[in-house]
Amino acid sequence: MAIVNKIVQYPGVDERSFRTEKKGEIITLFSTVDAIGKSTIAVNLATCLARLSGEKVCIVDADLHFGDICRLLNIHPRNTIADFAERGYSAGEAIVEYLEKWQHDIFVLAAPREYAKVELVTAAVFGSVLSELSCHFKYILIDTSLGFSDLVLSALDMSNMILFINTLDSISGVKNLQKGLDAFQGIGYSKDKVKLILNRYKAKTAIGISEVESGIGRRFAAKVSNDFAVAVAATREGRPFSIAHPDKEISRDMLVITQAILSGNLGEEKTSLTERLNRWLGNK
Amino acid sequence: MQEVRIVIIDSMRFMRDMLGARVRSIDVFNLIIQANSLEEAIARMEGQKPHIVLLDIDVNSSRPEENIARLLEVYPDVSIICTSHKWDETITRIVIQAGAKGYLVKPFEAEELVAAVKSFNGPRLLPVNEMITILSPKGNCGKTTLAVNLAVGLTQETDHLVGIVEADFAFGDIPVYLNVDPLNTFVEAVRDLKHISTSTLGTYLQTYNKSIKVLTGASRPELAELIDVESFMEIIRMMRKLFRYVIVDNAAGFDKRTLAVAKASDIVYVMAAINSGFEMEHLKYYLNSLRELGCQKEKIKVILSRFKLRGESDYLRQLQDEIGYPIMTLPNQFQLATNALNMGVPFTINDSDSQLAQGILQIVDDIVEKTSSKGHIR
């Protein structure tokens with residue numbers, strides 16, 4: 001196969017050193033409301049995952065028209081996913097040649113830059129990109145556009161974990177959270193696969209967390225603090241706040257989420273002492 | 001009502017027939033001549049009193065400005081709309097300078113032709129009605145807030161009926177904003193389309209008050225896919241017969257339905273919120289793409305929401321220069337807008353003195369001014 005035989009010419013990328021024994025874990029960031037911090041969480045999660053696991057992480061910007069991952073990392077991409085779809089896919093080139101490198105352990109597959117090229121990125125191309133990437137990276141983060149397009153659905157299907165990002169700004173946002181959960185249930189995803197993340201936690205919102213949690217019958221698996229100033233500053237600097245402002249609460253929240261993902265217990269309810277006691281006493 | 005007499009000049013037989021069918025689909029249009037060359041058309045137009053000529057720019061393989069001059073020489077009163085298979089800014093400029101009234105990319109929908117005819121205030125014969133479409137590159141920037149408050153404002157300033165179309169089918173929020181509980185939605189209307197006429201569409205609409213009615217999107221995101229472009233536009237055409245103003249609230253980004261309705265609209269508002277600083281890139285990309293897809297620049301207006309009056313005027317100027325469109329702004333009153341949404345009462349009703357409401361009412365004034373200059377109002 002061309003992909004295997006190819007010596008990768010991308011500077012600093014040696015394909016062989018990339019191949020992992022096991023398939024990498026695909027994590028998709030999803031939302032039913034726009035502009036609530038999905039991409040910001042993606043770049044911060046990527047840096048935290050790389051740091052804590054010591055593994056290479058790839059971010060796929062699947063918000064094909066308006067993807068901001070490169071802007072958030074101040075990358076000026078030479079190649080995008082559309083270039084791969086146009087040239088690399090049929091030629092059997094390795095997807096890693098189309099990645100942009102940020103620092104030494106974060107890689108980005110950039111979103112297209114021209115409207116006309118977006119349609120080249122079909123769900124089929126996208127699916128093969130993901131399965132190829134999962135042979136090279138331990139962690140693949142997919143940043144998506146809003147809602148359930150065909151592309152997003154194929155990302156969700158291939159994902160090991162879906163981080164469903166929400167805020168409590170308004171009733172309509174919570175209504176769309178419920179719509180998203182209903183759709184996931186309709187598709188048949190397990191509750192385990194979909195983790196609810198609350199962004200802008202502790203913002204001055206009229207709607208309370210407990211009201212929402214009891215309303216939807218689900219708990220938020222994790223919360224990210226509201227620090228608009230730090231998030232905006234990091235955006236302008238082109239560096240994730242986890243790196244630029246590691247001591248801020250918002251950065252610590254990202255570390256907590258990352259640790260939970262790495263240890264496989266994100267969103268798992270802590271068993272209460274009484275429950276544990278009862279179990280050891282043999283009570284039901 | 002007097003008819004609008006139309007001539008099509010196009011050397012491609014198939015295209016001529018297709019455009020002819022679209023022209024005929026509008027009641028007030030009367031297709032009087034289909035010709036395959038300029039001279040043939042000029043000969044046949046004698047005594048026919050044509051109002052509008054649809055002139056293919058490639059006809060006679062000569063320069064389009066010469067064709068326009070020749071046509072106007074013989075029939076100085078006709079309005080010429082040039083047609084072409086692709087959008088071309090230079091040629092558009094040339095033909096407008098030569099005296100054409102518009103430029104349409106083929107194949108266009110009947111509604112686009114109506115919008116084009118109205119945009120140059122051609123024969124004042126068309127049923128007066130304005131369709132206002134609200135778009136944005138990214139969501140969560142105030143489209144629905146603008147839509148519902150424009151509707152309220154228009155009914156406050158005029159005595160006309162306003163219809164709101166929720167074309168954000170998957171995640172639209174109009175029912176929350178207006179506190180209505182839809183029994184029927186677009187999905188049911190499309191399902192029953194064969195049996196629906198303008199007079200029965202009303203049963204699919206939700207009544208907000210005596211002047212405002214709403215056709216809502218799908219109740220579940222997966223149903224949104226059932227609404228195809230053709231059925232959507234068919235329903236839009238019916239809405240236009242029922243309401244003086246039709247306001248279409250769209251999903252963010254690109255969608256075939258969104259593009260079809262934008263092309264057929266009289267005014268297209270493209271919104272963005274001041275947010276992370278990437279709104280400039282998103283706007284540029286979006287506006288360029290809209291143009292490439294054949295949406296006329298003249299009817300696009302850009303609105304920037306969450307604008308802070310202090311400290312952001314330099315940024316506004318820079319943004320205007322970058323994107324090449326004048327920008328209207330709406331002030332940042334996030335709390336007011338969110339409360340209105342949470343309570344289901346548009347702020348133009350309860351807080352009409354607020355800066356944000358005033359900003360929207362200014363846009364309402366613009367619309368009313370533009371439309372009343374078109375003469376007869378129902």
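Labels below follow one simple rule: chain letters A, B, ... track the order of the sequence lines, proteins then strands, and each chain is numbered from 1. All values reported here derive from a predicted model rather than from experimental measurement.
For CE of B:Met343, the number of neighbouring non-hydrogen atoms (other residues, nucleotides, ligands) closer than 6.0 Å is 12 at most. More than 12 non-hydrogen atoms from other residues, nucleotides or ligands lie less than 6.0 angstrom from CG of B:Asn288. Atom CZ of B:Arg220 has 12 or fewer neighbouring heavy atoms from other residues, nucleotides or ligands inside a 6.0 Å radius. Within 6.0 Å of the CD atom in A:Gln103, the count of heavy atoms belonging to other residues, nucleotides or ligands exceeds 12. Other residues, nucleotides and ligands contribute more than 12 heavy atoms inside 6.0 Å of the CD atom of A:Glu213. Heavy-atom neighbours of B:Lys297 NZ from other residues, nucleotides or ligands within 6.0 Å: above the threshold of 12. For CD of B:Glu298, the number of neighbouring non-hydrogen atoms (other residues, nucleotides, ligands) closer than 6.0 Å is greater than 12.
For chain A, the nearby part of B:Ala170 is the backbone; its heavy atoms alone come within less than 4.5 Å. At a 4.5 Å heavy-atom cutoff, the contact between A:Ala35 and chain B is made by backbone and side-chain atoms alike. For B:Thr144, no part lies under 4.5 angstrom from a heavy atom of chain A. Residue A:Asp182: no heavy atom, backbone or side chain, is found under 4.5 Å from chain B. Interface remark: A:Lys179 contributes backbone and side-chain atoms alike to the contact with chain B (heavy atom separation under 4.5 Å). Contacts between A:Leu72 and chain B at a heavy-atom distance below 4.5 Å involve backbone atoms as well as side-chain atoms. Within the 4.5 angstrom heavy-atom criterion, only backbone atoms of B:Ala218 (N, CA, C, O) approach chain A.
At least one side-chain heavy atom of A:Phe66 sits less than 4.5 Å from a side-chain heavy atom of B:Tyr286. Counting only heavy atoms from C-beta outward, the side chains of A:Asp68 and B:His282 approach each other to under 4.5 Å. A:Asp169 places none of its side-chain heavy atoms less than 4.5 Å from the side chain of B:Leu341.
In this structure, the separation between CD on B:Glu222 and CG on A:Leu153 is 10.5 Å, given to the nearest 0.5 Å. Here the straight-line distance linking atom CZ of B:Phe171 with atom CG of A:Leu177 works out to 10.5 Å at 0.5 Å rounding. To the nearest 0.5 angstrom, B:Asn140 atom CG is 10.0 Å from A:Asn176 atom CG. One finds the CZ atom of B:Phe334 at 7.5 Å from the OG atom of A:Ser170 (value rounded to the nearest 0.5 Å).
Between A:Asp34 and B:Lys143 there is no salt bridge, since none of the side-chain N atoms of the basic residue sits less than 4.0 Å from a carboxylate O of the acidic one.
Taking chain B as the reference chain and counting heavy-atom pairs below 4.5 Å, the highest number among A:Ser172, A:Ala183, A:Gly173 is found for A:Ser172.
Relative orientation of the A:Tyr115 and B:Tyr285 rings is tilted, given thresholds of 30° and 60° on the angle between their planes. In this structure, B:Phe254 and A:His65 have tilted ring planes: the angle between them lies in the 30° to 60° band.
Counting all heavy atoms, side chain and backbone alike, A:Phe148 lies closest to B:Pro221 at CD1-CB, 4.2 Å.
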